[in-house]
Amino acid sequence: MTLKTTSVSDFPDAFADKRAETGVGYMDDQQDPVDMLLRLKDVRKAAHSAATFQSGAAPGRIVIPSEVAIRDTRQIPFEVDPPEHKSYRDLLNPWFKRPLDESYQQKLQAIIDDIIDSALKTDSLDVVSEFALPLQSKALTLLLNTSMDKAQTWIDWGTHVFRSDDSDLDGDKANILYDYIDAEIDKAMVSPGEDLYSVLLASEVDGKKMTKEEVKGVMILTFAGGRDTVINAITNSIAYFSENASDLQRLHDEPEIVNRAVEELIRYFAPLTQMGRVATQDTVVCEHAVKADSRISLCWASANRDEKTFEEPNKVDFDRKVNPHVSFGFSTHNCLGATHARQILRQLVVSLADKVGQLDTIDADENVERLGEFSRKVGFNRLQARFTAK
Amino acid sequence: MAKVIFITQANESVEVEGDSGSLMELAVQNGVYGIDGDCGGVCSCATCHIHLSPEDFDKVGAPAETESDMLELDDNATEYSRLCCQIPVSDEIDGMTFTVAG
Ligand code: HEM
Ligand code: FES
C-alpha cells in the first residue's frame, strides 16, 4: 500500500529502461524466480509457443505471485495446454460470447444505469468498493446466468478474493471462494438450472462428462480472472476521465469511437500486469538463457508500451486506429472473458458520457505492485470521487 | 457500393453489400459466422481473419507491418491472409470472394 504519488490518471510505464536495455526483467517470487519478457514481439512469440512455454504446470504455478501453496484445483482452460485446451475452449466459447446478445446488453445497461444513478445521488463515494465492485459483481450474474441476488455475497467478500492488506496471497480468502463454489456446484447437482454451473455439469468434453473438479476449475477461474481485472479497468477509467473531461465529452459527441476508446484505455491500463509460463526445455528468449522447469512471464503491461510498435506509448489517444495491445493476452489462452469485459466498458463509458457532467477525485490510495526491481501502479485500493450530473 | 461474398468454414456463402466502414464491420453487421471482430477493428484480436484469392490479394495489397506481425503467429495464416478490419469497404473490392479463416 502506498499513498498517491502521481496524478490519478497517470499510469507510468514501469519497464521502459529494462525493455530497451535487455528486454528481460527479473523478480523473485517464493523461491521460484521469474524472467519477465518485456518486449511485445517476445511476449507474443512466447504466448504462441505453448509447447515450449507451458500453462499446464503445477496448478497455481503460472500465476504471479504463485498460488501453488494455496490451491490444488487446476483452473480450466487457463492451466491446460493444447490439444486438451481446445476441447475446453470449444465448449466454453459460445457461452462467453453471450454478451453480444441484445437481451444481455439490455440487462447490463440496467445495472450500469442503476449504479451511475446512485453515484450521482451521493456526495462522494469510493469508486473501488462502491462502484466498480458492485458493477463487476452484478454483471457477473449475467455471465453466469444466475439470479441477481447472488451478487451481494460476492460484494460482501470485499475487493480482493485472494489478496488482503497484509499479504498478497491470502489463503483464508481464497478458501471462502473455493468453499462457496463447492457449495454452489452441489446445489446445481441436486437441482440443475440454466446457470453456468448446471450447464457445465451436463457437458461433455472429448466424449467424457465434466467432473465436479473440472467444473470447479472453470468456475474458480471465472470468478478470479474476472474480478480484480474488471475492477481495475472500471476504476482506472473513472480516474482517467476525472482528469480528462474533454475525452468524456468527446465520447458523448462521437459515440461511434467507443470501441477504439475502450481498446486504448485497456491498452494503457493493462489491468493484468503479467502471466507466467513454465519452460518445458532449455531455451533462449531475447538472447537470454531460460532453463527447463523455470518460470518466465509474459508482461502484457510492458509490451503495451513498446515504442517499437506504439507511437507515443505513454499517451492515451482515442484516435489510435491500429492498436495491437495484449491486455487480453495473445494466442492460445487469450482472454475468454474479453467479450464480457469489453461490453461492460463500452456501455459504461458511453453511459458516463451521457449522464455525468463532472468527475472529481477527492482522495486516492494507489495499488502499486512490487515486482522485484519494478514497481507498477495497476489500480487503486481506494479512490474517493464525486459524480456530478450533466 | 461494393458487393462481396464470404465463404464460411461450414462452406456457406453469404453475399453482403456496403459502401463504408471496414470489411470486418460489414461482415459482423451481416452475421458472417467466424468473423467476430472482438477488438472492434484495432488489429488486436485477429478474429477477423480471411483468405483472399491470389489475384484479389494483389489488388487489395499486402498487410502493413502491425497486421503482418499478428498474422505471422496465426496458425491458419497463408500468404494470402488479411485481417479484414484493416480493409476498407470500397468499389475496389466489389465482386470479390473471401474465405473466413478457421
Ligand atoms: C479487463 C478485464 C480483463 C483482462 C485485462 C483480462 C486479461 C486476461 C489475460 C491477459 C489472459 C491471458 C492469460 C494467459 O495467457 O495465461 C486472460 C485469460 C483468461 N481470462 Fe481474462 N481478463 C479480463 C476479464 C476477464 C473476465 C471478465 C473473465 C471471466 C469472467 C475472464 C476470464 C478469463 C479466462 C477464463 C482466461 C483463460 C483463457 C484460456 O486459458 O484459454 N477474464 N485474461
Ligand atoms: S477486429 Fe480485431 S483484429 Fe480485426
Side-chain angles (χ1 to χ4, degrees), chain A residues 39-50 82-83 86 90 93-94 96-97 99-100 256-267 300 303-304 306 308-311 317-332 334-343 345-346, chain B residues 8-10 12 14 18-50 60-78 81-90 100-102:
Chain A
R39 295 177 182 163
L40 178 66
K41 283 194 182 177
D42 293 329
V43 166
R44 278 214 196 122
K45 219 163 140 188
H48 190 65
S49 315
K86 185 175 184 309
D90 287 348
N93 278 337
F96 282 84
K97 291 272 179 197
L100 298 175
E256 65 276 9
I257 66 163
V258 63
N259 292 354
R260 233 159 58 204
V262 164
E263 295 307 309
E264 176 65 347
L265 290 170
I266 291 176
R267 175 191 73 86
W300 321 114
N304 281 349
D306 192 331
K308 292 224 164 67
T309 298
F310 300 98
E311 265 173 52
D317 178 4
F318 287 177
D319 289 317
R320 212 181 279 280
K321 295 201 174 77
V322 176
N323 190 351
H325 69 78
V326 285
S327 284
F328 288 118
F330 184 76
S331 192
T332 312
N334 71 14
C335 180
L336 184 61
T339 312
H340 175 75
R342 284 180 160 121
Q343 203 54 46
L345 291 167
R346 288 172 183 177
Chain B
T8 68
Q9 282 292 298
E12 268 176 308
V14 192
D19 52 17
S20 64
S22 75
L23 193 52
M24 177 280 287
E25 287 164 332
L26 186 64
V28 170
Q29 281 153 19
N30 288 278
V32 174
Y33 192 82
I35 301 290
D36 295 340
D38 287 348
C39 74
V42 298
C43 206
S44 144
C45 71
T47 64
C48 62
H49 183 180
I50 55 170
V60 173
E65 190 187 344
T66 310
E67 185 187 330
S68 61
D69 285 350
M70 292 286 289
L71 287 167
E72 192 190 328
L73 296 176
D74 192 313
D75 292 335
N76 296 312
T78 70
S81 281
R82 289 292 312 262
L83 296 177
C84 69
C85 66
Q86 301 302 308
I87 302 176
V89 173
S90 74
V100 178

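Sequence lines set the chain letters: A, B, ... in the order given, protein chains first and strands last, and positions in each chain run from 1. What's counted below: heavy atoms across the whole structure, side chains too, no hydrogens, waters or symmetry copies.
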At a 4.5 Å cut-off on heavy atoms, which part of [X] comes close to chain B: side chain, backbone, both, or neither?
X      : answer
A/F328 : neither
A/R342 : side chain
A/R346 : side chain

(message) Taking every non-hydrogen pair under 4.5 Å, which of B/D38, B/D74, B/T66 racks up the most with chain A?
(response)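 Winner by heavy-atom pair count: B/D38.
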(request) In sequence, state the C-alpha distance, the side-chain angles, and the governing distance for A/K321 and B/C43, and then conclude on side chain to side chain contact (heavy atoms under 4.5 Å, CB included). (result) CA-CA 8 Å; A/K321 295 201 174 77; B/C43 206; over 6 Å; no
(request) Give a yes or no on this: more than 12 heavy atoms of other residues, nucleotides or ligands lie within 6.0 Å of atom NZ of A/K97. (result)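 Atom NZ in A/K97 is crowded, with more than 12 foreign heavy atoms closer than 6.0 Å.
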(request) Inspect the surroundings of CD in A/E311 and state if more than 12 heavy atoms from other residues, nucleotides or ligands are less than 6.0 Å away. (result)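 At most 12 heavy atoms, drawn from other residues, nucleotides or ligands, come within 6.0 Å of this atom.
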(message) So B/D69 and A/R44, do their side chains get closer than 4.5 Å, heavy atoms only?
(response)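 A/R44 reaches B/D69 side chain to side chain.
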(request) Answer whether the closest heavy-atom distance between the side chains of B/D75 and A/H48 falls below 4.5 Å. (result)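 Heavy-atom side-chain distance check passes, below 4.5 Å.
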(message) Can you tell me which portion of B/E65 sits under 4.5 Å from chain A's heavy atoms? Options are side chain, backbone, both or neither.
(response)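 When you check distances to chain A, only side chain atoms of B/E65 fall under 4.5 Å.
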(request) Would you mind checking which part of B/Q86 comes under 4.5 Å of any heavy atom in chain A, side chain (CB onward), backbone (N, CA, C, O), both or neither? (result)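 Interface part for B/Q86: side chain.
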(request) Might you point out which heavy atoms bring A/E263 and B/C39 nearest each other, and give the distance in Å? (result)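 Here A/E263 and B/C39 meet closest at CG-O, 3.3 Å.
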(request) In sequence, state the C-alpha distance, the side-chain angles, and the governing distance for A/R267 and B/V42, and then conclude on side chain to side chain contact (heavy atoms under 4.5 Å, CB included). (result) CA-CA 11 Å; A/R267 175 191 73 86; B/V42 298; over 6 Å; no
(message) Using 0.5 Å steps for rounding, measure from the CD1 atom of A/I266 to the OG atom of B/S44.
(response)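 Nearest 0.5 Å value for the CD1-OG distance: 8.5 Å.
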